[in-house]
Each structure stands twice: as structure tokens, then as C-alpha cells.
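Structure, as C-alpha cells:
Position 1 is the first residue of the sequence, and the numbers go up from there.
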Amino acid sequence: MDARTDLWSLGVVMYEMLTGERPFKGEHEQVVLFNILNQNPPPVHSLRKDAPPKLINLVERLLQKESAKRVQNAGEVGAALREIGE
């Protein structure tokens with residue numbers, strides 16, 4: 001675990017803020033863990049049609065399972081949020 005874990009967690013929080021739903025669901029903790037490891041969350045745009053595409057892209061990059069595709073540092077998040085805010 002390192003700072004990228006925190007960035008992934010930020011993606012979870014942002015997903016919940018945008019959609020009002022948890023990205024990974026399950027009746028039991030084991031199911032949630034399985035889903036985190038093996039499933040992709042429902043696309044943000046399917047739950048929140050009015051969300052800005054750049055924000056959706058950021059959230060999806062934060063939640064990527066492949067670490068090479070995931071946002072690598074907080075600086076990237078900050079830059080993306082500044083761009084979204086313009």
C-alpha cells in the first residue's frame with residue numbers, strides 16, 4: 001500500500017458523491033471485496049447523465065484496477081480538477 005491507495009479511495013468517495021451510490025456493493029464484506037477485485041463499477045454516466053465528462057474520466061481513472069492506468073499522484077488529480085474548473 002502506498003499513496004495510490006489513497007487516490008483509489010478518493011475515487012470511491014468521488015464516485016459516491018457524483019452518483020449517490022457505492023461503486024462496489026455486496027450484502028457481505030467478502031462480496032464487496034470480491035467485487036472490488038473483480039468487477040468494474042457501473043459507469044458514472046449511467047447513473048448521472050449530467051456529470052461533466054472530464055470529471056467522469058478522472059473518477060474512472062482513479063478507480064482503474066490496472067495500476068499503470070490509474071492516476072499516479074495527487075498532482076495529477078489537482079491538475080485534472082483545475083482543468084475541470086476552468
Side-chain angles (χ1 to χ4, degrees):
M1 288 197 197
D2 57 22
R4 290 175 295 178
T5 305
D6 294 335
L7 295 172
W8 185 86
S9 297
L10 175 62
V12 170
V13 171
M14 290 177 72
Y15 184 98
E16 287 186 41
M17 289 173 65
L18 278 170
T19 66
E21 296 187 19
R22 292 182 176 169
F24 304 99
K25 298 177 185 177
E27 206 170 302
H28 302 285
E29 186 175 310
Q30 295 85 356
V31 176
V32 173
L33 291 173
F34 177 87
N35 289 337
I36 288 170
L37 293 172
N38 298 292
Q39 304 294 322
N40 290 317
V44 172
H45 66 83
S46 71
L47 301 169
R48 180 77 188 265
K49 305 249 185 261
D50 63 335
K54 288 182 180 180
L55 185 56
I56 292 172
N57 181 273
L58 174 60
V59 171
E60 289 175 350
R61 286 178 47 224
L62 285 164
L63 292 176
Q64 275 291 322
K65 298 213 185 297
E66 256 185 81
S67 61
K69 293 181 179 180
R70 197 176 312 140
V71 174
Q72 298 297 305
N73 59 61
E76 282 185 53
V77 174
L81 289 173
R82 282 189 292 279
E83 185 178 324
I84 292 164
E86 293 177 349

Point to revise | Heavy-atom closest pair, residues V77 and L7 | key: CG2-CD2, 3.9 Å

Study note, to complete from the structure: d(L63 CG, W8 CH2) to nearest 0.5 Å is 6.5 Å

Please tabulate, for the side chains in residues 28-39, all donor-acceptor contacts under 3.5 angstrom to protein atoms that are two or more places apart in sequence or on a different chain.
from	atom 1	to	atom 2	distance (Å)
N35	ND2	K25	O	2.5
N35	ND2	V31	O	3.4
N38	ND2	F34	O	3.0

Exercise for review: Just jot down the side chain to side chain donor-acceptor pair (under 3.5 Å) partners of E76, sequence neighbours excluded, or say none.
Suggested key: R61

Exercise for review: Could you pull out the closest heavy-atom pair between A51 and V44, with the gap in Å?
Suggested key: CB-CG1, 4.4 Å

Practice item. Search all heavy atoms of P23 against all heavy atoms of P41 and return the closest pair with its distance. Key: O-CB, 3.3 Å

**Study point:** Where at least one partner belongs to residues 43-60, residue pairs that pass salt bridge (Lys or Arg N to Asp or Glu O under 4.0 Å), sequence neighbours excluded
**Key:** R48-D50, K54-E83

Can I get a per-line list of side-chain donor-acceptor pairs under 3.5 Å for residues 10-20, giving both atom names and the distance, sequence neighbours left out?
from	atom 1	to	atom 2	distance (Å)
Y15	OH	P42	O	2.6
T19	OG1	Y15	O	2.8
T19	OG1	E21	N	3.1
T19	OG1	E21	O	3.1

Review point. Looking only at atom types and distance, does a side-chain atom of R70 sit under 3.5 Å from a main-chain N or O of K65, one as donor and one as acceptor?
Key: yes

